[in-house]
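Presented below is the structure to which this report refers.
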Number of protein chains: 2
Amino acid sequence: MALEHAILVSLLERPGSGYELAGRFERSIGRFWTATHQQIYRVLRRMESDGWVVAEEIGQDGRPDKRSFSVTGVGRRTLAEWLRAPVQPEAVRHELAVKIRGAAFTDAAGRAELLAEVTRYRAEHEALLATYLNGEKRDFPDPDALDVGQRLQHVVLRGGIAYERMLLDWLDDVLQTLRAL
Amino acid sequence: MALEHAILVSLLERPGSGYELAGRFERSIGRFWTATHQQIYRVLRRMESDGWVVAEEIGQDGRPDKRSFSVTGVGRRTLAEWLRAPVQPEAVRHELAVKIRGAAFTDAAGRAELLAEVTRYRAEHEALLATYLNGEKRDFPDPDALDVGQRLQHVVLRGGIAYERMLLDWLDDVLQTLRAL
DNA sequence: TCTTGCTATGCAACTCGTTTCATAGCAAGC
DNA sequence: GCTTGCTATGAAACGAGTTGCATAGCAAGA
């Protein structure tokens with residue numbers, strides 16, 4: 001499990017409440033590690049009781065109080081230790097690939113519907129690539145003038161961009177293959 | 001959940017026992033949908049009681065009996081229905097990306113260790129690409145002489161190859177970035 | 001001879017992840 | 001006035017996935 005560690009990284013980049021973290025997981029970190037607010041709150045409680053993070057109660061008027069978390073020395077050391085450990089082999093789950101192989105066992109109408117679905121899926125990822133490229137222009141306009149953290153964030157974003165480009169090319173290949181059956 | 005559907009596809013490609021399925025998930029299907037033998041047995045039992053598959057008891061001498069499963073008409077229809085449904089947005093979990101961003105919060109020694117780990121990880125995926133390319137040469141030597149099922153299997157394999165190539169390029173980018181910090 | 005490994009299936013316990021629901025006040029729009 | 005939506009947190013239940021263990025016979029190698 002690495003949700004704890006993803007949270008540690010996010011809180012080191014900037015302290016924040018569970019709610020704020022959930023928002024970040026929706027937006028930026030969720031690109032490479034997804035989590036719902038339920039998971040985040042549960043894991044945060046465990047991390048707090050293990051002393052990895054501490055909460056600061058912030059009373060707000062008009063809004064519910066929030067608890068802003070920051071990483072402790074223990075949390076930093078835990079992260080450093082995890083960084084040294086080998087990357088776990090990841091569990092691949094590519095539903096579309098299953099569907100494509102499954103298309104061998106349906107009729108022409110079913111394959112036509114799959115083709116339409118792949119087209120829709122492609123458009124979704126084209127939009128995602130566009131937001132990545134926009135984010136890159138916005139956040140990293142001058143790649144030579146970045147600090148260490150920004151350079152690392154940038155290389156991860158480049159990974160997302162490379163992935164989306166590869167995916168779009170492959171989806172074109174899939175569409176051609178389906179049409180040519 | 002799509003483990004059921006991955007199993008249906010695999011059993012349509014060729015009927016087999018839970019054990020054989022587990023082997024296929026280790027080797028070929030596991031490239032895009034992982035599962036352990038525990039999951040497979042459990043799901044097979046549910047699928048059997050729902051009438052998606054039927055078992056044929058095969059007594060073997062010297063070895064334990066096995067139950068070979070094949071897909072029923074109900075199973076086929078279930079698969080066809082699932083094929084028509086939209087692809088679910090997948091839960092991305094890219095541990096290495098978390099580690100790379102985490103590297104901003106460790107010292108030079110920690111970053112050196114991460115660099116070594118990325119190098120090891122790269123070698124692993126280089127080997128994986130080699131087995132994909134070998135499999136492609138072996139199973140699809142003449143791309144123009146394939147039936148529908150093989151064409152679809154081939155395009156999925158091409159996806160795997162494209163992914164690994166993209167990943168290797170990106171890992172080179174990561175290594176350069178880490179070295180230049 | 002002993003260990004390791006393969007075929008073949010399964011139980012039990014646990015952790016992880018998702019979904020649904022609940023509370024609560026405020027702001028914005030219809 | 002009513003609904004929708006945002007900030008902010010959490011309980012409860014369920015479903016999915018992992019890990020460890022058990023059985024059992026045979027084959028191969030140290």
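Below, chains carry the letters A, B, ... as their sequence lines are ordered, and counting in each starts from 1.
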Could you tell me how far apart A:Arg93 (CZ) and D:dG15 (C1') are, to the nearest whole angstrom? 13 Å

Looking only at side-chain atoms of B:Tyr19, point me to the closest of C:dC11, C:dT18, C:dA8. C:dA8

D:dG17 C1' sits how many Å from A:Gln88 CD, rounded? 15 Å

Whole angstrom value for the distance that separates C1' of D:dA8 from CG of A:Leu44: 13 Å

If you only use heavy atoms from C-beta on, which nucleotide in D:dA8, C:dT9, D:dG10 is closest to the side chain of B:Arg67? C:dT9

Comparing B:Ala91 and B:Arg45 on DNA chain C - which has the more 5′ nearest nucleotide: B:Arg45

Consider only side-chain N and O atoms of B:Arg67 and B:Ser17, and report whether a donor and an acceptor are under 3.5 Å apart. no

Can you tell me how far C1' of D:dT9 sits from OH of A:Tyr41, to the nearest Å? 5 Å

Side-chain N or O of A:Ser17 closer than 4.0 Å to phosphate OP1/OP2 of D:dT9: yes

Would you kindly give the CD1-to-C1' distance between A:Ile40 and D:dT9, to the nearest whole Å? 12 Å

Calculate the interatomic distance between B:Leu21 atom CG and C:dA8 atom P; express it in whole Å. 12 Å

Salt-bridge contact B:Arg77-B:Glu81 (side-chain N to carboxylate O under 4.0 Å): no

Can we say A:Arg46 and A:Glu4 salt-bridge, meaning some charged N sits less than 4.0 Å from an Asp/Glu carboxylate O? yes

Looking at C:dT18, C:dC16, C:dT9, which one has an atom nearest to any side-chain atom of A:Arg42? C:dT18

Between C:dA8 (P) and B:Glu56 (CD): distance, integer Å: 14 Å

Within the structure, does a side-chain N or O atom of A:Arg46 lie under 4.0 Å from either OP1 or OP2 of C:dC16? yes

Return yes if a side-chain donor-acceptor contact under 3.5 Å exists between B:His5 and A:Glu95, otherwise no. no

Quiz question: by atom type and distance under 3.5 Å, do the side chains of A:Arg158 and B:Thr177 form a donor-acceptor pair? yes

Salt bridge or not for B:Arg84 and A:Glu117, using N-O below 4.0 Å? no

Figure out the CD/P separation between A:Glu90 and D:dT18, and round it to whole Å. 13 Å

Charged N to carboxylate O under 4.0 angstrom, A:Arg93 versus B:Glu90? no

For DNA chain D, find the residues of residues 22-38 of chain A with a heavy-atom distance under 4.0 Å and give them by number; none if there aren't any. A:His37, A:Gln38

Taking the side chain of B:Gln39 as its heavy atoms from C-beta onward, which of C:dT9, D:dA8, D:dT18 lies nearest to it? D:dT18

